[in-house]
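As structure tokens, the structure follows; a few thoughts come after it.
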Amino acid sequence: MAEQSLMGVFYLKYRPQTLKDLVGQESVKKTLQSAYSANKLSHAYLFVGPRGTGKTSTARILAKMVNCEEKDSPCNRCTTCLSITDGSNLDLIEIDAASNRGIEDIRSLREKIKLSPTSSKKKVYIIDEVHMLTTEAFNALLKTLEEPPSHALFILATTDVSKMPKTILSRVQRLDFKLASPQELEETLSKIIKQEKIDIEEDAIKSLVKKAEGSFRDGVKLLDQIASLDKKITKEVIENIFQESGFGEIFKLINCLLQKDTTAGLTILSNFAQKGVDFKQLNLLLMENLRYLVLIKNGLGALLVEPHLSNENYQSLVELSANFSNQTLIKILDILQKAYEKSKFTSIPSLPLELAVVEICSPESIETVENKQSLQSNDLRELKVVVEDRESKIEEEQIHSQPSIIKEPSPTIHHPPSNSDSPDILKLKEKWTFVLETIRPYNFSLEALLRSISISDCTDSQVIIEVPYSFHQRIMEAPKNRDLLESILSDILGRSIKVSVILGSRPARSEDVANIEIAADDEIIRAAAEIFNSDTVN
Ligand SMILES: [Zn+2]
């Protein structure tokens, strides 16, 4: 069985074989036991609950209960019980709807269901992740559920009941599985630890329970992993292992990027932060999994099977890869790569990844870039944006008469002509495009703002920046923004730099330069609302 290698020894060995063995899930146990005793089992059940809470285990127990040859059911000794345990029973049909979701699969099920059971009283169908079925397949299934043969028992299982058609819900009896409480998990894991004589510290058990997050399956799998380490298990050992098993959350995060769900993405990051996860490592892990998607998409998935990825995780990625274009993956990886570079000099460890998630999820980011493929470079793209902003305000010929103002992002626009530039200021001007490019992935609005500032002075420890408006000053002085700019300027000048922002007078200028400024200001005003909402409220 494929499951053996996936789940590990303990999962199979300690899988509950009777309702009594099932830890927690009191209401499920009670409902099934009393229906069984009264001979009033439904012909179709829907098991709803998070992964790893015992839905399939319970389905198999139920299959044994209806087919066991002994009175004391399930006996787990008779031929039928044993054949269900070892997966050889011909009257138990398990379908994984995640990989058999089409009409053909259900049609063949409908054909076969008419036939009587081979050796048992009932034919039992377990359809896992049933919400993944296509509409046509659901319709076919519905017909079967409407006129079920008396020898059939259906057990549907789902982790996402919201995706189930109401017509199906009205035809089945729903039972809800809950995540295990920490006490229940600790009890179960401790039993295995004792039986297997695993050398583990009390603290490490607590931390194991925490990592399992209410899933028996995850808890037992983790225990299986550490038991094979052949050393005393401390809390630290568990922490290290968890680094590798955070796949589920990474997977969810990638899904958020796909759905462009900024809030959900940032929530996952904040959960990681609370767990004390290293954000640089997290970023790498995220990039690694996106790289896997690229490989899978381009026919190299075979390189990724164990030991790189468990079969289960690999399958999840294969499904996910269908939803991303190569272009989107490349763009996301590019943004994450930049965020990773930035994470080397940020004073807020979570910031680069947070901003990367915001950028990836922003409606204009990926699509815009994909739609504007014809543009050759960032500069051209920026030029186009500025030009578009100007078009409504300025006559076409004026654009051509002032091309240098648009093309060269530079902090010198308002620079007083009398001030002779120091070597440091010259260096900063020279690198200003780099400054803008570096900031862009973090914060579009700060980047836009930095196009209209001037550097008024640069000392050993300080760069003084002059801005035309007081709200520019407030944005620049927001701690996150100032930290970001300071770390970049420090990097360029090779010493620790503080940034001071002063308010300058608006210099006189020709009409269309003023128009550019107004165009930029619209963007800044929009951005300012965002920044003030998130950064400077306190
Ligand atoms: Zn039996």
Side-chain angles (χ1 to χ4, degrees), residues 1-47 49 52-96 109 112-128 130 144-145 148-157 172-175 177 180 184 187-188 191-192 195-196 216-217 220:
M1 283 193 304
E3 202 179 52
Q4 209 127 18
S5 58
L6 287 181
M7 296 301 183
V9 183
F10 292 170
Y11 182 73
L12 291 177
K13 189 169 171 186
Y14 292 98
R15 189 167 202 175
Q17 303 297 347
T18 65
L19 284 182
K20 224 189 251 166
D21 289 349
L22 197 66
V23 185
Q25 317 303 355
E26 294 308 323
S27 82
V28 171
K29 285 196 276 192
K30 211 172 137 194
T31 309
L32 290 178
Q33 190 60 60
S34 53
Y36 174 77
S37 305
N39 205 11
K40 282 185 174 162
L41 280 173
S42 165
H43 73 277
Y45 285 96
L46 175 64
F47 291 177
T53 48
K55 297 189 296 297
T56 18
S57 295
T58 308
R60 288 187 195 172
I61 293 170
L62 193 53
K64 285 180 189 173
M65 285 166 72
V66 296
N67 281 332
C68 176
E69 297 153 30
E70 303 290 324
K71 274 250 174 312
D72 173 29
S73 168
C75 68
N76 284 306
R77 287 183 308 270
C78 71
T79 329
T80 306
C81 283
L82 292 176
S83 68
I84 290 176
T85 303
D86 71 18
S88 65
N89 188 294
L90 295 173
D91 296 311
L92 171 63
I93 297 109
E94 294 193 51
I95 300 168
D96 176 14
L109 178 154
K112 286 181 203 149
I113 207 164
K114 291 172 192 153
L115 309 170
S116 299
T118 336
S119 58
S120 319
K121 287 171 249 175
K122 292 218 182 237
K123 253 193 154 112
V124 181
Y125 288 85
I126 300 176
I127 308 182
D128 203 11
V130 65
T144 312
L145 290 178
S150 60
H151 60 253
L153 168 62
F154 283 92
I155 306 167
L156 316 179
V172 297
Q173 185 180 349
R174 171 176 169 170
L175 294 177
F177 288 69
E184 287 166 349
E187 204 180 294
T188 312
K191 231 181 262 171
I192 302 176
Q195 286 208 34
E196 298 291 329
F216 287 111
R217 190 192 303 175
V220 176

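We use all heavy atoms of the structure for the numbers below, so side chains are in, but hydrogens, waters and symmetry mates are not. Whatever order the structure lists them in is the order used to number ligands and atoms, beginning at 1.
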Exercise. Determine the sole option in Thr56, Thr53, Thr58 for which the side chain to side chain contact (heavy atoms under 4.5 Å, CB included) test with Phe47 is passed.
Key: Thr58
Quiz item: So how far is it from Thr18 OG1 to Lys29 NZ, rounded to the nearest 0.5 Å?
Solution: 8.5 Å
Quiz item: Under 2.8 Å from the Zn ion (ligand 1), which protein atoms of type N, O or S occur, listed by chain and number?
Solution: Cys68 SG, Cys75 SG, Cys78 SG, Cys81 SG
Exercise. Decide side-chain contact (heavy atoms from CB on, under 4.5 Å) for Leu62 and Tyr36; before the verdict, give the C-alpha distance in whole Å, the side-chain angles of both, and the deciding distance to 0.1 Å.
Key: CA-CA 9 Å; Leu62 193 53; Tyr36 174 77; over 6 Å; no
Quiz item: Would you say the side-chain atoms of Thr80 and Lys121 include a donor-acceptor pair closer than 3.5 Å?
Solution: no
Practice problem: Over 60° means perpendicular and under 30° means parallel, so classify the ring planes of Tyr14 and Phe10, tilted if in between. | Solution: perpendicular
Exercise. Hey, can you tell me if Phe154 and Tyr125 have their rings parallel, tilted or perpendicular (30° and 60° cut-offs)?
Key: parallel
